[in-house]
Amino acid sequence: MRRAAFRLQPVLEVRRTEERAAALAAAEAARAAADADRRATEAEAAVAAVLPTGPVSPGAFAAAMVLGRLAAEDAAAARSLATASAEQAELVRAAWTAAAQRTKGLDRLRERHLQAVRLAEQAAEERTVDDLVTGRSGRRRTRTDGEAAWTD
């Protein structure tokens, strides 16, 4: 007997491909967010390194303050970029979650379909066995007592 095909199998395969692509995008976005956070932390640490630690001339102090201000601006921009990257990574992760839910829904439909096919095959097999048993019983009665089987 030919098994009934799951009609949504092509859709399920497309959804699985979409889910894999979304998972890769989520991993890449998470990596980019982690890299941006690392760079922001390094930039924030660089701000402290620019400031003078001991006695310096007024010109060196002014230059250090200008460099410190520029380093602080760079650190603030890096932190802003890290925050935006983290938000983007969260959005991409949410898209991955949605893709996984769509795939899971179709997987459940496929499992229900397979269960229905198994139940139908099992019922057909039971009917076949019942027909065989009933047929033998009718033939056996016909031969032993000469009467026609009641199933005819």
Members sharing Val14's hydrophobic cluster, built from side-chain contacts under 4.5 Å between Ile, Leu, Val, Met, Phe, Trp and Tyr, are none

About how many Å separate CD of Glu19 and OG1 of Thr17, when rounded to the nearest 0.5 Å?
10.0 Å

Write out all pairs satisfying ring-ring contact (aromatic ring centres under 6.0 Å, His included) with one or both partners inside residues 26-54, taking only residues at least two apart or from two chains.
none

Provide the full list of ring-ring contact (aromatic ring centres under 6.0 Å, His included) pairs with a residue in residues 72-115, sequence neighbours left out, each pair given once.
Phe6-His113

Could you tabulate the donor-acceptor pairs under 3.5 Å formed by side-chain atoms of residues 54-66, not counting sequence neighbours?
from, atom 1, to, atom 2, distance (Å)
Ser57, OG, Ala60, N, 3.3

So salt bridge (charged side-chain N to carboxylate O under 4.0 Å, His left out) across residues 31-48, not counting sequence neighbours, yields Glu28-Arg31, Arg31-Asp35, Asp37-Arg79, Arg38-Glu42, Glu44-Arg79

Between Ala78 and Ala43, which heavy-atom pair has the shortest distance, and what is it?
CB-CB, 4.2 Å

How many angstroms lie between atom CD of Gln88 and atom OG1 of Thr83, to the nearest 0.5 angstrom?
13.5 Å

Got a sec, which residues hit side chain to side chain contact (heavy atoms under 4.5 Å, CB included) with Leu114, two or more places apart in sequence or on another chain?
Arg110, Glu111, Arg118

Contacts of type side chain to side chain contact (heavy atoms under 4.5 Å, CB included), residue Ala33, not counting sequence neighbours:
Ser85, Ala89

Using the side-chain hydrogen bond (donor to acceptor under 3.5 Å, both in side chains) criterion, which residues pair with Arg102? Sequence neighbours excluded.
none

Applying side chain to side chain contact (heavy atoms under 4.5 Å, CB included), can you list everything that pairs with Asp107, at least two apart in sequence or on another chain?
Leu12, Arg16, Thr103

For Arg112, enumerate each residue passing the side-chain hydrogen bond (donor to acceptor under 3.5 Å, both in side chains) test, keeping only those at least two apart in sequence or located in another chain.
none

Taking salt bridge (charged side-chain N to carboxylate O under 4.0 Å, His left out) as the definition, give me every residue that meets it alongside Arg15, ordered by chain and number, with sequence neighbours left out.
none

Has Glu125 got more than 12 heavy atoms of other residues, nucleotides or ligands less than 6.0 Å from its CD?
no

Can you list the other members of the hydrophobic cluster that holds Val117, where links are side-chain heavy atoms under 4.5 angstrom apart?
none

About how many Å separate CD of Glu87 and CG of Leu91, when rounded to the nearest 0.5 Å?
7.5 Å

